[in-house]
2 protein chains.
Amino acid sequence: MASIKEVAKEAGVSVATVSYVLNKNKYVSPELTKRVLQSVQKLNYNANPIARSLRNKKTKTIGVILQNIINIFFPQVLAGLEEYAKEQNYNLLFFNTYNDLNAEKEAITSLMNMWVDGIILDSCVPEPMKTEYVKFIEGIKSHKSVPIVLLERTLGNNNHSAVTVDNFNGGYIATKHLIDKGKNRILHIGAINEWSMTLERTEGYKAAMVEYGLEDQMMIKYANLRPQDGYELMKEILMQNSTINGIFTANDQLAIGAMKAIKELGQLIPEDVAIVGFDNIFVSSLMETTLTTVNVPKYEMGRLAAKQLIDIMNNDNIQPEVIKLPVNLIVRQSTDLRGEKNWELYGW
Amino acid sequence: MASIKEVAKEAGVSVATVSYVLNKNKYVSPELTKRVLQSVQKLNYNANPIARSLRNKKTKTIGVILQNIINIFFPQVLAGLEEYAKEQNYNLLFFNTYNDLNAEKEAITSLMNMWVDGIILDSCVPEPMKTEYVKFIEGIKSHKSVPIVLLERTLGNNNHSAVTVDNFNGGYIATKHLIDKGKNRILHIGAINEWSMTLERTEGYKAAMVEYGLEDQMMIKYANLRPQDGYELMKEILMQNSTINGIFTANDQLAIGAMKAIKELGQLIPEDVAIVGFDNIFVSSLMETTLTTVNVPKYEMGRLAAKQLIDIMNNDNIQPEVIKLPVNLIVRQSTDLRGEKNWELYGW
DNA sequence: TAATGATAGTGAAACGATTAATTGTACTTA
DNA sequence: TAAGTACAATTAATCGTTTCACTATCATTA
């Protein structure tokens, strides 16, 4: 691979001139410009980004830390991130933490040491540990400043940019939808992990229940956010001949598990029990009884987070901003037999 | 962030000494070693990987080019890649091509120019274009040599390392399984894209049909590898009052679509029509009628490809090798009501 | 004609590491 | 004591860019 020196030699000019021609940041006569460009072409020259990074202290690279790419929620977020980043000529360095807070901290440190220009962080920090976690992040930042944009959650204060969704409202409209469908014994299955996003969903549920005078009927259980756990919990509950006629779960995975249990025990969805999930993972539209759910704009979250980060990197007196994206209810068969039956087009 | 120069100054030694201490590649007296290490600690020094890369011409970075991370097949591959790479202290630069061959070529060029140490390439090149594509790859490699490991497919010759699966055998055992279940009017839905992997699956189907004297019964249709397409194609076929009693599809997505069509038209799975998919995407185990399928070890493919690449990078007289991983049939309810009903544990 | 100004182009330092070549000190041996 | 040896530590070149500071050339003006 040719270097700028070889191009300069070939064109009979100095390396500075070559650099100026290619970066168009200083006047160079048409004649030399032409000679330089010809040499570039002839030698198939491309600037070495490593050398450039060393000199410029910019790597044109964004670190992406996700909880678990295997969880079908995330690939779409990553796709959104990737697309916007590539449009802006940034590359993505990818880290998976598997919901391990230590792995996450290591990833952050690692990315800092690699001089990425910015970090997109989908943290797995639970709500009770945020104070300590914030200290870690601020410590890191004081050591070397790198812009960070958080995904899905804030850090409790407004010192960090973030792209989140309106989880509270999601929980609220989900629950209200069940109430509108005439359900009054509504169970909520929340997340055992104390993540702010799921806690907010639970608060939305409570708010709706209270608003519609169902405060006494509130019933909340907690589970891991996986179908197996939804299935088992649901079996257990239904066996105790419950009178539940509506369920709102903290995510679609739980709902899918719960639906299976409900069907196995011979109850009808939505007639006997209606159910609403959260996230709108595409699998929800594939089930035989398609799942009503609160749609989270995953791809857009990714794109927006990338945009926000790049904006900050290009202009360092931008104030931290927390974007809260709206959510919307997608009514499918698990609450309304005339609900949407079409498959989501993504996921393939 | 402190540089090696500052550490040297703080410790009162030369930068060379610092480097030797940290890289442990030359004897340094215990006394100086101690002083250096203390300074390193005090200044919280980390070597700048950019500078190191420039000097060493190694970036400790692997480029990963995938067709589409949104397709649920790939996240697991990526997880496998990521895990092994991180174990070996390599980072991943991630590219999505959306099955666009030009985007793929650009990604390759881009990664070469970024001086990645190696590339994992899940190409989307169709079989008929391989000759031309090989020229492109070899052209690239002659310009600057970078090891490439292919995923899922070879380039037709054995000049390039690859991690593939035994697609032919997969097609064969899938079809044989249907025959064993007493099915004799077996439709195969192949991929419209002429990818070697799906072509091989089709060949496996043919081989089994011929072997069991069902040559005259062969029936092959082609579709895009998405549930919608499986659904529509299947509806069309069943409307023409077909006598099909078995189906083998080129992937699970098609099978999931086909199952929906079959059920909607009132036929029973597997009694009237049994169906086998390919890939074992986890959704297959979630369906109400779980799907019999040929399991492709996705995570292992990722890990192995990363291992193969890193091995090559560490030892450049390793010969190109094509690894063909075995596949296995997972019998579920779409061919056998007593088949496996458990959910796959991944995907959440 | 001499002094001044404008500007195209170049030289060289800098980014932060690694490492070959060299220096300088201490010790051994004749 | 002088020459030779060993080896710890340093100096400086190098990787490939960018960009500041400078030179050299030519035109302009008094």
Side-chain angles (χ1 to χ4, degrees), chain A residues 1-40 43-61 89 112-117 143-146, chain B residues 1-40 43-61 89 112-117 143-146:
Chain A
M1 299 264 289
S3 73
I4 197 172
K5 217 184 255 176
E6 297 168 61
V7 174
K9 197 172 173 188
E10 165 78 25
V13 299
S14 70
V15 292
T17 302
V18 177
S19 175
Y20 290 133
V21 168
L22 294 177
N23 296 307
K24 299 190 176 72
N25 50 4
K26 207 171 177 192
Y27 179 84
V28 176
S29 67
E31 197 195 351
L32 288 202
T33 302
K34 193 179 156 202
R35 271 182 17 221
V36 166
L37 292 178
Q38 277 176 346
S39 305
V40 165
L43 299 178
N44 198 351
Y45 168 76
N46 281 289
N48 180 328
I50 312 285
R52 178 177 283 166
S53 294
L54 180 60
R55 169 72 214 212
N56 291 348
K57 294 182 173 293
K58 300 255 172 189
T59 54
K60 279 284 180 178
T61 299
N89 288 310
M112 307 279 306
N113 290 335
M114 292 162 75
W115 295 79
V116 293
D117 293 344
H143 178 224
K144 174 175 176 337
S145 142
V146 169
Chain B
M1 297 264 288
S3 74
I4 197 172
K5 217 184 255 177
E6 297 169 60
V7 174
K9 197 172 175 189
E10 164 79 25
V13 299
S14 70
V15 293
T17 303
V18 177
S19 175
Y20 290 134
V21 168
L22 294 177
N23 295 308
K24 298 191 178 69
N25 51 4
K26 208 169 179 192
Y27 179 85
V28 177
S29 68
E31 198 196 351
L32 289 201
T33 302
K34 194 180 153 200
R35 265 171 37 209
V36 166
L37 292 178
Q38 278 175 346
S39 305
V40 164
L43 299 179
N44 198 351
Y45 169 75
N46 281 287
N48 181 327
I50 311 285
R52 181 178 280 163
S53 294
L54 179 60
R55 169 69 214 215
N56 292 347
K57 295 183 172 292
K58 300 255 170 187
T59 54
K60 280 282 179 176
T61 299
N89 288 311
M112 306 281 305
N113 290 336
M114 292 163 75
W115 293 80
V116 293
D117 294 344
H143 178 224
K144 172 172 178 338
S145 142
V146 169

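Chain letters run A, B, ... following the sequence lines, proteins first, then strands; residues in each count from 1.
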Which atoms of nucleotides 20-23 of chain D (N or O only) lie under 3.5 Å from a protein N or O atom, and what are those distances?
residue	atom	partner	partner atom	Å
D:dC20	N4	A:Tyr20	OH	2.7
D:dA21	N6	A:Lys26	NZ	3.3

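- Straight-line distance from the CG atom of B:Leu54 to the P atom of D:dT17: 9 Å, rounded to whole Å.
- Summary of helix geometry: the two end axes of the helix from C:dT1-D:dA30 to C:dA30-D:dT1, each defined by five base pairs via their C1' atoms, are inclined to each other by 70° (rounded to 10°).
- Judged by closest nucleotide on DNA chain D, B:Thr17 is the one of A:Lys5 and B:Thr17 placed further toward the 5' end.
- D:dG16 atom P lies 6 Å from atom CH2 of B:Trp115, rounded to whole Å.
- Taking the 5' to 3' direction, DNA chain C first and last meets chain A under 4.0 angstrom from a heavy atom at C:dA8 to C:dG16.
- Rounded to whole Å, the distance from NZ on A:Lys24 to P on D:dT19 is 15 Å.
- The residue among B:Asn56 and A:Asn23 whose nearest nucleotide of DNA chain D lies closer to the 5′ end is B:Asn56.
- A:Val36 is listed as a side-chain neighbour of A:Val13, based on a closest heavy-atom distance under 4.5 Å.
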Do any side-chain atoms of residues 2-11 of chain A form donor-acceptor pairs under 3.5 angstrom with protein atoms, and if so which ones, sequence neighbours left out?
residue	atom	partner	partner atom	Å
A:Ser3	OG	A:Lys5	N	3.3
A:Glu6	OE2	A:Ser3	N	3.2
A:Glu10	OE2	A:Lys42	NZ	2.9

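- Contact of the B:Ile50 side chain with the A:Lys57 side chain is not registered, since no non-hydrogen atoms from C-beta on lie closer than 4.5 Å.
- For B:Asn56, there are no side-chain hydrogen bond (donor to acceptor under 3.5 Å, both in side chains) partners, not counting sequence neighbours.
- Every pair tested for salt bridge (charged side-chain N to carboxylate O under 4.0 Å, His left out) that includes a residue from residues 12-21 of chain B fails, sequence neighbours excluded, so the list is empty.
- We find the CE-OH distance between B:Met1 and B:Tyr45 to be 9.5 Å, quoted to the nearest 0.5 Å.
- Residue A:Lys144 qualifies as enclosed at atom NZ: its count of foreign heavy atoms under 6.0 Å is above 12.
- Shown here are the side-chain hydrogen bond (donor to acceptor under 3.5 Å, both in side chains) partners of A:Asn48, two or more places apart in sequence or in another chain: there are none.
- Contact of the B:Val40 side chain with the B:Leu22 side chain is registered, since non-hydrogen atoms from C-beta on lie closer than 4.5 Å.
- Within residues 44-52 of chain B, the residues approached by DNA chain C to less than 4.0 Å at the level of any non-hydrogen atom are B:Tyr45, B:Asn46, B:Ala47, B:Asn48, B:Ala51, B:Arg52, in residue-number order.
- Listed by chain and residue number, nothing satisfies the side chain to side chain contact (heavy atoms under 4.5 Å, CB included) test with A:Ser145 (two or more places apart in sequence, or in another chain).
- For B:Ser19, the side-chain hydrogen bond (donor to acceptor under 3.5 Å, both in side chains) partners at least two apart in sequence or on another chain are B:Asn23.
- Put simply, A:Ser19 has no side-chain N or O that comes within less than 4.0 Å of OP1 or OP2 on D:dT19.
- If you take OH of B:Tyr27 and C1' of D:dA9, they are 12 Å apart, rounded to a whole angstrom.
- Contacts of B:Thr17 classified as side-chain hydrogen bond (donor to acceptor under 3.5 Å, both in side chains), with partners at least two apart in sequence or in another chain: B:Ser14.
- Within the 4.5 Å cutoff, no side-chain heavy atoms of A:Val21 are placed close to those of A:Leu32.
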